[in-house]
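Step one of this worksheet: look at the structure below.
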Amino acid sequence: MEKFLLIDGNSIIYRAFFAMQQPMTTKSGQHTNAVYGFTNMLIRLLEEEKPTHVMVAFDAGKITFRHTTYGDYKGGRQKTPPELSEQFPLLKELLTGLGITYYELDTYEADDIIGTLSRTAEEKGRNVLIVSGDKDMLQLASDHVKIALTRKGVSDIEPYGPAEIEERYGLTPAQIIDLKGLMGDTSDNIPGIPGVGEKTALKLLHQFGSVEEVLANTDQLKGKMKEKVEAHADDARMSKELATIFRDVPFDATWESMKYDGFNPVTSIVALRKLEFNSIIQRLNLSELDGEDLHDPAQVEASELEVTIVGEEQLPELEKVLNTVEVLHIESHGDNPHHAELVGIVLSAPDQYYFMTPETLLSEGAAGVRAWLADGSIPKHGHDLHRADLVLHWIDIPFAGASFDVQIAAYLLDPTESGQSLNALGAKYGLPHMPEDETVFGKGAKYKVPEEEILSHHLARKTAAIRELVPLQREQLEQNEMTSLFDDLEMPLSRILADMEKQGVAINTDELRELGKEFEQKINVLVTEIHGMAGVEFNLNSPKQLGEILFDRLGLPVEKKTKTGYSTSADVLEKLAPYHDIVQLILVYRQLAKLQSTYVEGLLKEVHPKSGKVHTFFRQTITATGRLSSQFPNLQNIPIRLEEGRKLRKVFVPSESGWSILSSDYSQIELRVLAHMADDPGLKDAFLHDMDIHTKTAMDVFGVTKEQVDGNMRRSAKAVNFGIVYGISDYGLSQNLGITRKEAGDFISQYLEVFKGVSRYMDDIVIEAKKDGFVKTMLERRRYLPDINSSNFNLRSFANRTAMNTPIQGTAADIIKLAMVHMDQALKDHKLNSRMLLQVHDELVFEVPANEMEQMKKLVPEVMEKALSLSVPLKAEVSYGANWYEAK
DNA sequence: CACATCACG
DNA sequence: ACGTACGTGATGTGC
C-alpha cells in the first residue's frame with residue numbers, strides 16, 4: 001500500500017527552531033538547531049510511519065495570491081529571526097542530500113501545495129499523512145488523509161482524521177475553515193469577527209453549520225453578539241476565504257520523483273557532515289558505511305526518458321536530427337580536465353536523447369557528429385562546457401559554440417552556491433530528483449563506470465535537467481539585468497580561457513631542476529644546523545613538533561595559540577627572533593621548503609606528457625567576488641615578493657624560439673575603482689594627476705608635504721589603503737602594522753575624515769546590502785550577503801566587510817575580464833600570432849614573436865586601459881623579456 | 001579529512 | 001564586549 005508523507009516545511013522548521021532554544025552552531029558559527037530538530041523529527045516519522053513517498057513543501061517566501069486578495073495578510077507577523085532564516089537553505093541542501101524531494105512555488109504557500117498533493121493522492125486511493133503545526137490543515141482530513149499536528153514543539157505528534165476532529169471540535173473537516181472565518185487567526189493577521197474566539201465560534205457553528213448560515217441568520221442572535229457579527233460580516237467571509245487552502249496548484253513534479261526507499265548513504269553522509277550532525281550519522285548507522293563500497297548503481301533506476309544508445313548503426317539517424325540538437329552533456333572523470341577521461345556524451349533532440357560512448361564518438365562513422373561539435377556557429381547548451389572543451393581537446397576532438405552554460409549561469413545568479421551538482425541545482429528550480437554522480441559512479445578510488453543502460457539514462461537525466469534549467473536561468477538573468485554580463489562577458493571568456501589553457505606555458509625543466517638542487521643543498525644545511533641547536537632531531541615540517549621544541553624545550557614565550565596547540569606561523573616567529581638564533585633559521589627553512597615542495601617539485605609534476613608544458617585550469621565559477629582561480633597547477637601564486645622565490649619565474653619561458661614573454665599589469669586598479677565608485681574628490685584627483693597613491697594618502701592623513709613623507713609614513717598609508725579596500729577594522733590594521741588598536745583606529749578616522757567620499761560610500765554600501773540582501777559590481781555581478789542582518793556579531797561584521805570589499809574587488813575582476821575579451825578580439829583583428837597565456841588578477845601574460853613586440857607593447861596596455869571607462873584613468877604598465885622573471 | 005602554514009593579487 | 005583584515009590553491013602532518 002502506498003503511503004504519502006507530506007511535511008509542511010515552514011511550519012515544522014519554525015516549531016523546531018523555537019523548541020530547541022539552546023544555541024547550536026557549526027564550527028564556523030552557522031546556526032543549525034532548527035535543521036537539527038527538523039531532521040530528528042523527519043527520521044522518526046520515516047521510521048514510524050514507513051511512507052513510500054515523501055515530500056516537503058515550503059512557502060516561497062514572497063507575495064502569494066492571498067496578499068493580492070488581502071494586503072495585510074500575515075501583516076502582524078513578526079519578522080523571522082535571522083538565526084532561523086539562515087537555516088532554510090541549509091535544510092534544503094540537507095534534504096537534497098538525503099534524497100527527500102522538496103517543493104516551493106511562487107505565489108503559493110506550503111498549505112496549497114500540500115492541499116493539492118493530498119487531493120490528487122487520495123483521488124488515486126493513496127493514504128496520506130500530513131505533518132504540520134498548523135490547525136488549518138485539519139480542513140484537508142478525510143478517510144484517506146490524516147493530519148499529524150505537532151504538540152509540545154516537535155517531539156510529539158497526534159494524528160487527526162475526521163473522527164478525531166469530530167470528537168475534538170464537533171465539526172467536519174470542511175467546517176475548519178468556517179471556524180477560522182469566525183475566530184480569525186492572529187498569527188496570519190486574519191481578522192475574523194472581533195470578540196469571537198474558539199468557544200463562541202464553535203457554538204455558532206454547532207448551531208448554524210457554516211459562516212454563510214451564521215450570517216444569513218443573524219436575526220436569531222441577540223445583543224452585542226448580533227451587532228458584532230453583522231458589523232463584521234465581510235471580514236468573516238474574507239477570513240474564510242483566506243483560510244481556505246487552495247487545492248489546485250499547478251504542479252509538475254511526478255509521483256515517481258517523490259518516491260522514498262531509504263536515504264542515499266553517500267550523499268546523506270556528505271550533507272550531514274557538512275552540518276556537523278555526527279549524532280545523526282551515528283543514529284542512521286552511516287558511519288560504518290564509510291569503509292564499505294558505496295558504489296551501488298543498482299539503486300539507480302532507468303529514467304522515463306527516451307534514450308537511444310548510439311552505435312555504428314544509429315549514427316545516420318542521429319546525423320539526421322543533429323540540426324535540432326541544442327542541449328548536450330559531456331561527462332568526464334577526473335578533477336584535472338587536462339587529464340580527465342571522457343565517460344560519455346548525450347545529445348538532446350526534441351524528444352529523444354542520444355548517448356554515445358567515447359569509442360563511438362571517436363569512430364569513423366561519427367565524423368558528422370564531430371563536425372557538429374566543432375562548428376562554432378551552432379549554439380550549444382550544457383553544464384561546464386569549458387571543462388568538456390578541454391577533455392575533448394586532449395583526444396583531438398575540437399569543440400566550439402558554447403552559448404549557454406548552466407554552471408556559469410548558476411554562478412552569476414549566486415556565486416557562493418555554484419559548486420552544486422546538477423541535481424542540487426535542479427532541486428532549486430523544482431526539477432525532479434535524480435541520483436547524484438557519486439551514487440552512480442561511486443567516489444574516489446571506487447569510481448566505476450556502470451553498465452551502458454544505467455550510464456546512458458543517468459547522463460540523459462543530466463541532459464534533461466540542463467534543458468529545463470536554461471529557460472529558467474535565462475529568465476532570472478534577465479530579471480537581474482545580467483544578460484550582458486552572461487552573454488557578452490562570461491560566456492565569451494569561457495572559450496578564451498579554454499584557449500589559453502590548451503596553449504599552456506612552456507617551462508625550462510632543466511633550469512627548474514637546477515634551482516631544486518640549490519634549494520635542496522641549502523635546506524640540508526639548515527636542517528642539520530637547526531637540529532643541532534635544538535639538541536634533538538625532529539620533523540621540522542610538523543608545527544606540533546616544532547612548537548614543542550620552541551616553547552617547551554627552549555622555553556620561548558608563547559605569543560599566540562591555535563586551537564590545536566602553539567602557533568608557529570611566520571608572524572609569531574618573527575617576534576621570537578630576538579630570543580633565539582634558531583628562529584631565523586626556521587624562517588629561512590620554511591621559505592625554502594615551501595619553494596621546493598610547492599614550486600619545484602609541484603610544478604615538475606604538472607608538466608603535461610603530451611605537450612611538455614604546464615596547462616593550468618582557470619576556474620570561472622569558484623570565487624565569491626568574480627575573480628578567476630587557477631588550479632593544477634595554480635599559476636596565480638608563483639613567488640615574486642622575495643628574490644629567492646622570484647627566481648622561479650625564470651623557468652617560465654616562451655614556447656617558441658625567438659619569442660618573448662610580455663606582461664602588463666594594472667596599476668592600483670582597486671583603488672582606482674574605489675575612487676570612481678565612491679566618487680571621492682581627493683582620491684580621484686590623485687589618480688587624475690597620476691600621483692603615487694600611498695604617498696598622497698600619507699600627505700593627507702598626516703597633514704604633511706610630499707617631501708615630509710618618510711618611508712614609515714608611506715608604509716602606514718599603504719596599509720590603510722589596503723585596509724580600506726578590504727573593509728577596514730582597527731584590529732586588522734593594528735595587526736598588519738604592529739601598532740596598537742587605538743593608533744590604528746586614529747589612522748582610520750583620520751583617513752575617513754580626509755576622504756569623505758570613501759567614508760560615505762562605505763556607509764551607503766552597507767545600508768544597500770542590508771536593504772537588498774546583496775551587493776553589485778559595476779557590471780551587475782551580484783553577491784548575496786545572508787548574514788548582513790545576523791544577530792551574530794562575527795557573521796554580521798564579516799558580511800559588512802564583504803559588502804565593502806566585493807564591489808571593489810569584483811569590479812576590478814569585471815574590468816580585467818573585459819580586457820581579456822577585447823584583447824582576444826584585438827589579436828584576431830590585427831592578425832597577430834601573439835598568445836594570451838595567463839591572467840593573474842590584475843596582470844595579463846603573453847608570449848610574443850619578435851616581429852610583433854613593438855605592436856604588442858603598445859596594444860596590450862591600451863586595450864587594458866580602455867576596457868571600461870571610469871571617472872579616473874585606468875593605468876597598465878607593460879614589460880617584457882626572455883622569461884617571466886625578466887618581464888617585470 | 002581537518003588543520004596549519006604560506007604562496008599570490 | 002564581541003574578535004577580523006578581502007579573495008584564492010597547494011602542501012605536509014596527524015587524527
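None of these values were measured; they are calculated from a predicted model. Letters A, B, ... are given to chains in the order of the sequence lines, protein chains preceding strands, and every chain is numbered from 1.
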With heavy atoms under 4.0 Å as the rule, sort [X] into base, sugar-phosphate or nothing.
X: A:A812; result: nothing
X: A:S567; result: sugar-phosphate
X: A:I640; result: sugar-phosphate
X: A:A744; result: nothing
X: A:V840; result: sugar-phosphate

For the base of [N], is there a side-chain donor-acceptor partner from [X] under 3.5 Å away?
X: A:Q809; N: C:dC6; value: yes
X: A:R627; N: C:dT8; value: no
X: A:R783; N: C:dG7; value: no
X: A:R619; N: C:dG9; value: no

Between [Y] and [X], is there a side-chain donor-acceptor contact under 3.5 Å, judged purely by atom types and distance?
X: A:T740; Y: A:S734; answer: no
X: A:N541; Y: A:Y589; answer: yes
X: A:S790; Y: A:N792; answer: no

Closer than 4.0 Å, any side-chain N/O of A:R641 to the OP1 or OP2 of B:dA7?
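Result: no.
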
Does anything in residues 541-552 of chain A come within less than 4.0 Å of DNA chain C? Heavy atoms only, and list the residues if so.
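The answer is A:N541, A:S542, A:K544, A:Q545.
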
Where along residues 593-601 of chain A does a heavy atom come under 4.0 Å from DNA chain B, residue by residue in number order?
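Contacting residues: A:K594, A:Y599.
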
Assign the ring pair A:W884 / A:F652 to parallel, tilted or perpendicular, where the plane angle (0 to 90°) is split at 30° and 60°.
perpendicular

[atom1] of [X] versus [atom2] of [N]: gap in Å, rounded?
X: A:D730; N: C:dA1; atom1: CG; atom2: P; value: 13 Å
X: A:Y589; N: B:dC6; atom1: OH; atom2: P; value: 12 Å
X: A:I808; N: C:dA5; atom1: CD1; atom2: P; value: 18 Å
X: A:L635; N: B:dG9; atom1: CG; atom2: P; value: 13 Å

Assigned partner base of C:dA1, Watson-Crick or wobble definition, under 3.5 Å
none

Taking the same atom, P, in B:dA7 and in C:dC2, what whole-Å distance lies between them?
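My reading of the P atoms in B:dA7 and C:dC2 gives 32 Å.
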
Using the side chain to side chain contact (heavy atoms under 4.5 Å, CB included) rule, pick out the option among A:V673, A:I669, A:L674, A:L779 that qualifies with A:T811.
A:V673

